[in-house]
Amino acid sequence: MSNQAVNGLDNRPVVNRPGKVKGSSNISISKYVSYTFLIILCVIWIIPVIFGISTSFRSQTEVVSSGFRLFPETWVFENYVTILNNTSTAPILRWLGNSLFIATSHTILVVIVISITGFGYTRINFKGRDTLFFTLLGISFFPGVVNLIPSYKIIDSFGWVNTSWAMIIPGLAGMGNIFLVRQFMNGIPKELDESAKVDGASDFRIFAQIILPLVKPILIVCGLFSFTGSWNDFLWPVIVYTDVDKMPVTAGLLLLQDIYGNYRMIGQLMGSAILAIIPTLLLFIFAQKYFVQSINLNSGIKG
Amino acid sequence: MKKKFGVVLATVMMLTTVLAGCGGKDDSSKTITFWTPLTGDDGAYMDQIVKDYNATNPEIKVKHVITADMYTKISTVLASSKGVPDLAIIHADRVPGFVKQGVLESMQDTVLPAQPELKAENYLPQAWNTGNIDGTQYTVPLDIHSNVMYYNKDLLKKYNAESFLDDNVVTIDEMLSLQGKLDEGDYVVNDALLGWVILAQIQNLGGDIQADGKPAVNSPVFKQAFEDVKKIADAGLMTPFGEDGYLMFQSQNVLFSTDGTWSSTAHAGVEGLNFGVTNIYSPTADKFTNRSSSHLFAMLKNDKRTDEKEVGIANFLEYVRTNSMEWAKAGQNVASNVVNQSPEYQSYMQSFFTSNEKEIESLYIYTYEYYPYIAEAVDTYCADIVRGNVDLDETLATMQKFVEDKIAESSSAAK
Amino acid sequence: MKKKINWAPAFFVGPHVILFAVFILLPTIYGIYASFTKWNLMSDPVWVGFDNYKAILFDGKSTFHTQFFRGLKNTLIFVGLSVPLLIVIPLMVAVALEHKKVKMKSLIQSILYIPGLISISAAALIWLLIFNKQLGITGNLFGSQIAWPANQPYAWIIIIVITLWGGIGGNMIIYRASLSGVAQELYESAELDGAGSIKRFTSITLPSIRFPLIYTFVMTTAGAFNVFGQPLMMTDGGPRQSTHVLMMYIRQLAFGNGESIAGMASAMAVLLGLVILVISALQYYVMNRNAT
């Protein structure tokens with residue numbers, strides 16, 4: 001892909017312009033444009049979040065009292081006390097622990113599977129490789145509605161009902177992340193591994209020593225997606241689990257709804273939703289350093 | 001890199017195995033697995049009942065499992081005929097369908113004989129009868145939960161409308177008399193559970209949702225019911241379409257709220273909300289109906305359920321019959337007469353609905369086999385009809401077709 | 001002729017193919033099979049051939065025909081409104097964040113990513129309160145007298161707003177990760193040549209992230225076709241079923257009240273799958289060709 005960009009530049013008719021001056025004024029204008037855009041967006045994005053958090057500190061009386069207030073008039077902690085005290089029908093801390101275990105194991109396995117598979121679909125030559133890839137991708141586009149029933153039968157035959165396996169393994173079959181990794185690996189110039197091949201490196205060595213380090217950012221992104229996806233999945237775990245103590249948090253939260261699917265204790269719902277995002281949020285804050293790590297492909301080509 | 005992955009992989013595998021190993025291996029012959037769809041606070045009350053029962057040291061204990069999507073889950077376990085619960089709570093409108101599909105076990109010869117007091121006379125009649133299909137008793141009731149009408153005492157006083165409650169029937173005409181008298185932003189009634197309200201009017205008008213076993217949605221009585229309720233909306237007395245009328249009742253902008261018995265606890269949580277409960281409004285002072293459903297104990301087909309377990313279930317149901325005061329806390333009309341006639345029960349707001357014969361009769365449960373499809377059609381279209389967004393005649397014809405098409409698809413599948 | 005067997009494909013692609021066959025292919029085949037049956041999820045499916053498809057596609061009077069085409073139309077509206085914004089906004093954010101002089105990148109990034117973590121039911125509740133006339137911002141701060149969920153085009157607006165709010169984070173970080181791989185020297189030399197920001201964007205940024213761009217376009221579209229949570233929670237399909245998307249009808253047929261009509265639901269799902277397949281294939285083909 002970087003070759004592409006370079007060529008694009010080279011083919012451009014060279015026009016004589018006072019580049020430097022123009023460029024720096026451009027930079028300051030674009031800086032202000034960028035800032036304005038980002039700040040407006042952030043304000044719009046954060047207000048509902050703050051409102052959600054502050055609602056978790058409101059009594060039901062205040063939630064339904066007229067007028068918009070971003071922050072509560074009186075801060076109450078009752079919602080959190082109620083949530084944390086209910087350890088029999090809604091043990092939220094336990095759910096968080098379960099989710100953490102499920103999401104972590106799932107994510108690690110996903111990263112292993114997609115990096116290997118992505119390499120296979122871009123660097124290993126075999127007959128019908130791309131056909132295979134696009135066929136699987138196409139199949140995965142069919143919306144799974146009644147698939148729930150056969151899926152349940154399958155995990156049941158493995159004896160995985162009511163266990164974490166049912167949450168950790170089936171998701172590994174997904175195509176989305178493999179597609180992303182494949183797209184990324186396609187962007188890495190083939191010259192890199194071909195020269196290594198000439199030097200007699202095995203496929204596995206090329207994978208582990210050349211490609212893997214280069215796709216690290218996107219693997220982290222995929223890991224983040226898998227973690228969040230596994231964390232937020234609620235249709236499947238409801239079917240899989242019967243033990244309230246084993247449930248992950250998102251499925252557990254459904255148990256807080258009243259019987260007609262409505263949340264009537266709004267503050268409590270918000271409180272539990274806030275508690276449920278903390279682990280994923282922390283992971284994101286930690287991971288974001290890594291996925292923007294600059295990896296200089298171009299120097300790689302030249303070198 | 002390779003080594004690291006290996007270590008991580010091994011750790012994960014190990015942890016998962018451990019986790020999988022220690023799960024779900026309790027002795028299933030010694031417990032009754034009991035599924036309920038009772039999420040939220042309701043689940044906690046039921047949990048308490050189960051806990052108290054287990055504390056009596058019965059031979060077979062009960063394990064209560066709350067599931068958020070119980071009916072889908074029931075489909076999956078029935079399809080793979082593994083993990084079917086011993087006992088479940090299902091809703092009244094599921095019974096005819098389940099029986100026809102052959103997935104319910106009769107209680108007639110199995111559970112009922114074990115406990116002589118598990119009989120019709122000891123329960124609210126319609127709660128018991130809804131589980132009786134062609135003379136066979138399939139279920140034992142826990143409660144009747146109804147669409148009822150809460151009123152805001154302070155607002156009624158403010159608008160001089162307390163007299164509406166005199167005969168326990170608030171008529172549509174009485175409501176209409178408030179037209180032009182309300183402050184801006186105040187409304188007479190909200191549109192919570194509007195579909196249930198419509199279905200109540202069908203009874204109030206002396207009609208039915210079926211004729212000779214065929215759905216009768218495109219009928220004069222349905223038209224009348226919609227037109228009557230539409231009058232309130234046309235007069236600008238119903239909370240605006242798309243607004244959360246339930247929250248507006250809690251924020252004291254609405255005189256009447258047509259939601260469920262189960263909401264009383266949530267309303268009670270709002271400070272300063274001075275409220276009471278009465279029957280759903282009616283077009284006539286002569287008749288009132290509170291469209292209801294019922295939570296019923298039922299046994300799904302399961303070959304592995306032993307006779308001992310069935311006796312255990314009978315013992316548990318007998319315990320619930322005499323000890324379900326806890327369930328009154330959920331706001332529901334407890335079906336067991338021992339409970340709903342006890343003095344303690346009279347302190348609960350919903351005791352209003354079991355206070356006399358006429359009230360008990362007003363708790364109407366539809367038992368028509370295809371009621372769920374009709375309810376779905378009504379729910380899908382009622383808001384647009386009542387708000388005048390669509391042509392009534394045309395929509396009734398669409399609804400009729402909607403129900404017929406669904407019936408055509410389902411009944412042949414059951415064969 | 002004796003050939004050495006090449007084990008590499010089996011090693012690199014094989015494990016996933018097995019996982020795929022067990023957990024996706026098998027259930028999908030069963031789903032397709034179910035679309036040719038009448039099935040209530042509990043008893044055994046009854047084979048009916050193409051009856052379901054005939055009813056959906058050709059029987060103009062059938063409720064399922066009306067539902068399918070209304071649902072598909074609403075879904076297409078949703079896709080048309082949401083997908084371009086779900087691509088453009090994150091891309092603009094990522095480009096703005098690439099700007100050397102912009103500070104607090106991590107904070108900005110986190111703020112935009114957080115909403116995607118909040119469960120859909122909590123998110124819907126937050127936005128319904130915000131759009132509530134008595135309790136929210138639109139009524140109290142902007143004096144809007146409209147009940148948003150019950151009037152068009154407002155019903156679509158709130159659905160799109162909550163979708164963007166919760167949905168831009170994913171594509172944003174894909175673009176961020178992709179852009180970080182673009183060599184700074186390219187920009188610097190372009191700058192020296194006097195290329196303006198727009199020129200730099202079209203001639204350097206876009207070409208260098210074309211592979212991830214194709215990915216996000218295809219996957220965002222496929223995801224948007226499967227939408228049901230947002231309309232279900234925000235408008236419940238109203239007013240007059242104008243936001244009732246196809247997936248909502250499908251789920252109602254399969255898991256609604258009363259006896260399940262899963263065969264018909266499967267047939268609709270298969271048809272939806274075909275639509276997604278055709279559109280994503282087109283997208284991939286067009287974008288891949290234009291890019292090379």
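Per chain, numbering begins at 1; letters A, B, ... match sequence-line order. Note: hydrogens, waters and symmetry copies are ignored here, and every other heavy atom, side chains too, is used.
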Trainee: Tell me which pairs pass side-chain hydrogen bond (donor to acceptor under 3.5 Å, both in side chains) where either residue lies in residues 234-243 of chain B, with sequence neighbours left out.
Mentor: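 Qualifying pairs, neighbours excluded: B:Lys230-B:Asp234.
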Trainee: Using only non-hydrogen atoms and a strict under-4.5 angstrom cutoff, which residues of residues 13-21 of chain C touch chain B?
Mentor: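 If one takes a 4.5 Å heavy-atom cut-off, no residue of residues 13-21 of chain C lies near chain B.
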Trainee: Can you name the salt bridge (charged side-chain N to carboxylate O under 4.0 Å, His left out) partners of B:Asp259, sequence neighbours left out?
Mentor: none
Trainee: Heavy-atom cut-off 4.5 Å, strictly under: side chain, backbone, both or neither for C:Asp236 against chain B?
Mentor: neither
Trainee: Counting only non-hydrogen atoms closer than 4.5 Å, does C:Leu41 touch chain B with its backbone (N, CA, C, O), its side chain (CB onward), both, or neither?
Mentor: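 For C:Leu41, heavy atoms of backbone and side chain both lie under 4.5 Å from chain B.
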Trainee: Within the 4.5 Å heavy-atom criterion, are C:Leu135 and B:Leu247 side-chain neighbours or not?
Mentor: yes
Trainee: State, to 0.1 Å, how close C:Ala150 and B:Gly242 come at their nearest heavy-atom pair, and which atoms those are.
Mentor: CB-CA, 3.6 Å
Trainee: Please say whether more than 12 non-hydrogen atoms of neighbouring residues, nucleotides or ligands are located less than 6.0 Å from CZ in C:Phe69.
Mentor: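 Yes, CZ of C:Phe69 has more than 12 neighbouring heavy atoms, counting only those of other groups under 6.0 Å.
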Trainee: Among B:Ile74, B:Leu300, B:Thr76, find the residue that satisfies the side-chain contact (heavy atoms from CB on, under 4.5 Å) test when tested with C:Met42.
Mentor: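 Answer after filtering B:Ile74, B:Leu300, B:Thr76: B:Ile74.
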Trainee: Holding to side-chain contact (heavy atoms from CB on, under 4.5 Å), I want the full list of residues that pass it with B:Asp405, two or more places apart in sequence or in another chain.
Mentor: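 B:Asp405 satisfies side-chain contact (heavy atoms from CB on, under 4.5 Å) with B:Lys401, C:Ser62, C:Thr63, C:Phe64 only.
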Trainee: With a 4.5 angstrom heavy-atom cut-off, is it the side chain or the backbone of B:Asp93 that approaches chain C, or both, or neither?
Mentor: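 Neither part.
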Trainee: So, for B:Tyr373 and C:Glu259, which heavy atoms are closest and what is the spacing to 0.1 Å?
Mentor: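 Nearest heavy atoms, B:Tyr373 then C:Glu259: OH-O, 2.6 Å.
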Trainee: Using heavy-atom distances under 4.5 Å, tell me whether B:Phe98 contacts chain C through its side chain, its backbone, both, or neither.
Mentor: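 Just the side chain, heavy atoms under 4.5 Å.
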Trainee: Can you measure from CD (B:Glu409) to CG (C:Asn40) and round to the nearest 0.5 angstrom?
Mentor: 11.5 Å
Trainee: Check whether C:Asn257 reaches the backbone of B:Glu376 with its side chain - one donor and one acceptor, N or O, closer than 3.5 Å.
Mentor: no
Trainee: For C:Leu129, which atoms come within 4.5 Å of any heavy atom of chain B: side chain, backbone, both, or neither?
Mentor: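 Interface part for C:Leu129: side chain.
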Trainee: Could you check whether atom CG of B:Asp303 has more than 12 heavy atoms from other residues, nucleotides or ligands sitting under 6.0 Å from it?
Mentor: no
Trainee: Could you look at C:Gln241 and say if it's the side chain, the backbone, both or neither that has a heavy atom under 4.5 Å from chain B?
Mentor: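 The answer is both parts of C:Gln241.
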Trainee: Heavy atoms, side chains only, cut-off 4.5 Å: are B:Arg387 and C:Pro239 in contact?
Mentor: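 When only atoms from C-beta onward are counted, C:Pro239 and B:Arg387 do not touch, as no gap falls below 4.5 Å.
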